[in-house]
Amino acid sequence: MQRTWRMIWAMTLLSLLAIGTTLVTLRAVAQTDEQITDDPTVAPDPQESADNNVSFPIDI
């Protein structure tokens with residue numbers, strides 16, 4: 001009977017450790033998503049526009 005209770009406590013502690021690790025990982029992922037500062041799909045730089053790189057021949 002004593003071995004059964006040890007296994008129950010061991011599984012409880014391992015489960016709590018897994019839940020804690022999952023929460024820490026999810027929180028870290030959520031924080032890294034907020035740190036994206038330059039996203040060209042939201043607001044492209046006017047200097048990086050394709051219109052700035054257009055050249056026309058002048059000898060037509």
Rounded at 0.5 Å granularity, tell me how far CG in L26 sits from OG1 in T22.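 Result: 6.5 Å between the selected atoms.
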Could you go through residues 6-16 and list every donor-acceptor pair under 3.5 Å that involves a side-chain atom there, pairing it with any protein atom two or more places apart or in another chain?
residue	atom	partner	partner atom	Å
T12	OG1	I8	O	2.8
S15	OG	M11	O	2.8

Among Ile, Leu, Val, Met, Phe, Trp and Tyr joined by side-chain contacts under 4.5 Å, find the other residues sharing a cluster with I19 and list them by chain and number.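 Members besides I19, by chain and number: L23.
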